[in-house]
Amino acid sequence: MTRSNDMVAEALREFAELLSIAGEDQFRVRAYEKAARAVAEDPVAVDGLDEKALDDIPGVGSHIAAKIRELLSTGRIGDLDDLRARVPAGLRVLLDVPGLGPRRARQVYEELGIASLPELLDALHAERLRTLRGWGPASEENLRVAIGQAQQAGARMQIDVALDVAEGLVEGMRRCPAVDLVTYAGSLRRMCETIGDIDLLVASTRPADAMDAFATSPLVANVSARGSTKCTATTTKGVHVDLRVVAPQVWGAALLYFTGSKAHNIHLRRIAQHLGLKLSEYGLERIDTSSSVAAATEEEIYGHLGMPWIPPTLREDRGEIQAALHDDLPRLVETKDIRGDLHVHTDLTDGLASLEDMVDAARRHRYRYVAITDHAPLLHMERMTDEKALAQRRVLRTLQPKAGLTLLHGSELNIQPDGSLDWDDEFLAGFDVLVASIHSHFTMSRDEMSKRLIRAIEHPAVNIIGHPTARSIGHRPPIEFDAEAVFEVAARAGTALEINSFPDRLDLNDELARLAQDHGVVFAISTDAHSTRHLDNIRYGVATAQRGWIRPENVINTWPLGKLRTFFAKGGRR
DNA sequence: GCCGTTTTCGGCCCGACTGTTTTCAGTCG
């Protein structure tokens, strides 16, 4: 999966970090950061571009274009090697220490010779930092606490965990009479795949009371910073929360600001500037007179900037502002568009609920159809057999008359290392729908893996590739394959790619889904449910699809049954 | 280092909070 763009972006990021520690001009640092982002998110692979085409990438100018060319042709950047020689490697690590920015990282290095985290901890212990200019006992203590919390908090949360905490906090604040409005914002509102901390926004005319309610909430364990409008705390579950209280009349501006992303906000502010306006969390105002133009709602603010409201799932500065300015935002798939779930397990294999219960649950979701797709025999631990599959099919057919929705009999096949599948073609032809997934041999070469996937995609019985990269967030990296080649075959073969809704999968992810859609691929947004409750996870799959700009017409389980069956036939009979 | 409806120089997003200052620097989001 590693693209040349990722490799180049990483080098540019390192360049930016080393420049910042070296004390170079901050705008030069930002230029490298911006270029890194631009390259990472550019849909075109940079290794095919000449210097002129590289220069055309917004944020990449002649100097950085030359460095990229140098990296692509020689495998290194001379100036980066020089920088590395000037700045010890350990100092980069110090930038990740919360509370330690480039200036202070450089200060502790130059004045105390500290160039690693262990050395920093030693200096803290010996109370040597307080001897530096600008430091005192309190700043030492804060740094100590921040390092401890970072080590304890560690990884980012899965989105379902964060949503649970956030909804609990919102519910609690809603009961406070001083609170007019309350919601979560930040990366959670944008539905990012993992969440670092929770941003809570409150509108109130009595901010002190609202702040008190938060600080004394049973869910809040300790408060680490508190001003008149802002409060930072940790919940009893160790989740970091930032609360911001604003006046109700600036709700929209604050919501826009705290939803982010940072890059989206910066882009909006630059547009505001060009219009003679200034945008902050307190509203949009004229620069010359400081008179307010808009603040109450997000819609008004976007409107005054010359564009329609942009859904939070798109706010990553990946072209959505440009699209909005041209009134060309995509219509995004929504949960209400989903007519059925096409990847569902039962207790015949590793699901927890019976076939009857899963069918009931799908009916309660008001679905028009559901596909039961238990595991196939080659996933040996699940002990599937031909007989069990056929028996399940018979039961399914007897449930159909009173089911209230169409029951499709399917299976989740195992794509073998050579791309072959469980069961012979004749047996496979008996299913209504087939998902094929990779469950083993995750570390084949990129080339072999691409061939493996393509063979499965081209199989006339396979309709959907399940969790295509097989990643497990926080546990297993995605498998590597030639995404563009695979996507082209999937589009041509009439095989859908899954957007798996499980919070630790979200696979395809947003960026790959967007790339796939550009190649003409269609998608199945499925839950891979192993219990009735898992059907609710569809919201995460839909959010991931939205983040990938996926339109409803490209999602096969928004289609009516007739169209879906035609698609499943892949030009043949079924 | 990048960029241009302020166009080849001179800007570059904006504000809160903390700790150390005695008017501000550093960090964060």
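If you're wondering where the values come from, they're calculated on a predicted model, not measured in any experiment. Just so we're on the same page: letters track the sequence lines, and every chain starts at 1.
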Could you state the [atom1]-[atom2] distance from [X] to [N], rounded to the nearest angstrom?
X	N	atom1	atom2	result
A/E141	B/dT18	CD	P	15 Å
A/I21	B/dG26	CD1	P	15 Å
A/L143	B/dG26	CG	P	16 Å
A/D197	B/dC28	CG	P	13 Å
A/Q26	B/dC14	CD	P	13 Å
A/L54	B/dG1	CG	P	16 Å
A/I64	B/dC2	CD1	C1'	8 Å
A/L132	B/dG19	CG	C1'	14 Å

Provide the closest heavy-atom pair for [X] versus [Y] in the form atom of the first, atom of the second, distance.
X	Y	answer
A/L72	A/D47	CD1-CA, 3.8 Å
A/T232	A/H240	CG2-NE2, 3.1 Å
A/Q517	A/I550	OE1-CA, 3.3 Å

Over all strands shown, is [X] touching base, sugar-phosphate only, or nothing at heavy-atom distances under 4.0 angstrom?
X	value
A/I266	base
A/E281	sugar-phosphate
A/L268	nothing
A/T229	sugar-phosphate
A/V29	nothing
A/D25	base
A/K278	sugar-phosphate

When the [atom1] atoms of [N] and [M] are considered, how many whole Å apart are they?
N	M	atom1	result
B/dT8	B/dC14	C1'	28 Å
B/dC17	B/dT23	P	23 Å
B/dG1	B/dT6	P	26 Å
B/dG26	B/dT20	P	14 Å
B/dA16	B/dT21	P	24 Å

Could you pull out the protein-nucleic contacts involving nucleotides 20-23 of chain B (nitrogen or oxygen on both sides, under 3.5 Å)?
residue	atom	partner	partner atom	Å
B/dT20	OP1	A/G136	N	2.6
B/dT20	OP1	A/G136	O	3.2
B/dT20	OP1	A/P137	N	3.4
B/dT20	OP1	A/S139	N	3.4
B/dT20	OP1	A/S139	OG	3.0

Nearest-nucleotide check on DNA chain B, A/R270 vs A/S228; residue mapping nearer the 5' end is A/R270
Would you kindly compare A/F258 and A/H274 by the position of their nearest DNA chain B nucleotide and give the one closer to the 5′ end?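 Here A/H274 is the residue nearer the 5' end.
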Stepwise side chain to side chain contact (heavy atoms under 4.5 Å, CB included) check, A/E14 with A/R92: CA-CA 8 Å; A/E14 183 182 355; A/R92 257 191 103 194; 3.3 Å; yes
Among [options], the nucleotide that comes nearest once only the side chain of [X] is considered:
X	options	result
A/S280	B/dG29, B/dC12, B/dG15	B/dG15
A/N142	B/dG29, B/dG1, B/dT18	B/dT18
A/A31	B/dC12, B/dC2, B/dT18	B/dC2
A/Y32	B/dC12, B/dG1, B/dT27	B/dG1
A/K262	B/dT18, B/dG29, B/dC2	B/dG29
A/K230	B/dC12, B/dT18, B/dA16	B/dA16

ring-ring contact (aromatic ring centres under 6.0 Å, His included) partners of [X], counting only residues at least two apart:
X	answer
A/H267	none
A/F214	none
A/Y282	none
A/Y257	none

Is [X] close enough to [N] that one of its side-chain N or O atoms is under 4.0 Å from OP1 or OP2 there?
X	N	answer
A/N265	B/dC14	no
A/Y282	B/dA16	yes
A/R103	B/dG26	yes

Assign the ring pair A/F15 / A/Y32 to parallel, tilted or perpendicular, where the plane angle (0 to 90°) is split at 30° and 60°.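 Plane angle under 30°, so parallel.
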Working to the nearest 0.5 angstrom, can you tell me the gap between A/D504 CG and A/T194 OG1? 12.0 Å
Heavy atom of residues 200-215 of chain A under 4.0 Å from DNA chain B: which residues?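 Result for residues 200-215 of chain A: none.
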Could you walk me through whether A/T313 and A/L332 pass the side chain to side chain contact (heavy atoms under 4.5 Å, CB included) test, one step at a time? CA-CA 10 Å; A/T313 44; A/L332 299 176; 4.0 Å; yes
Does any nucleotide pair with B/dG10 by Watson-Crick or G-U wobble geometry, both distances under 3.5 Å, and what is it?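 Base partner found: B/dC3.
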Between A/S261 and A/R190, is any pair of side-chain heavy atoms under 4.5 Å apart? yes
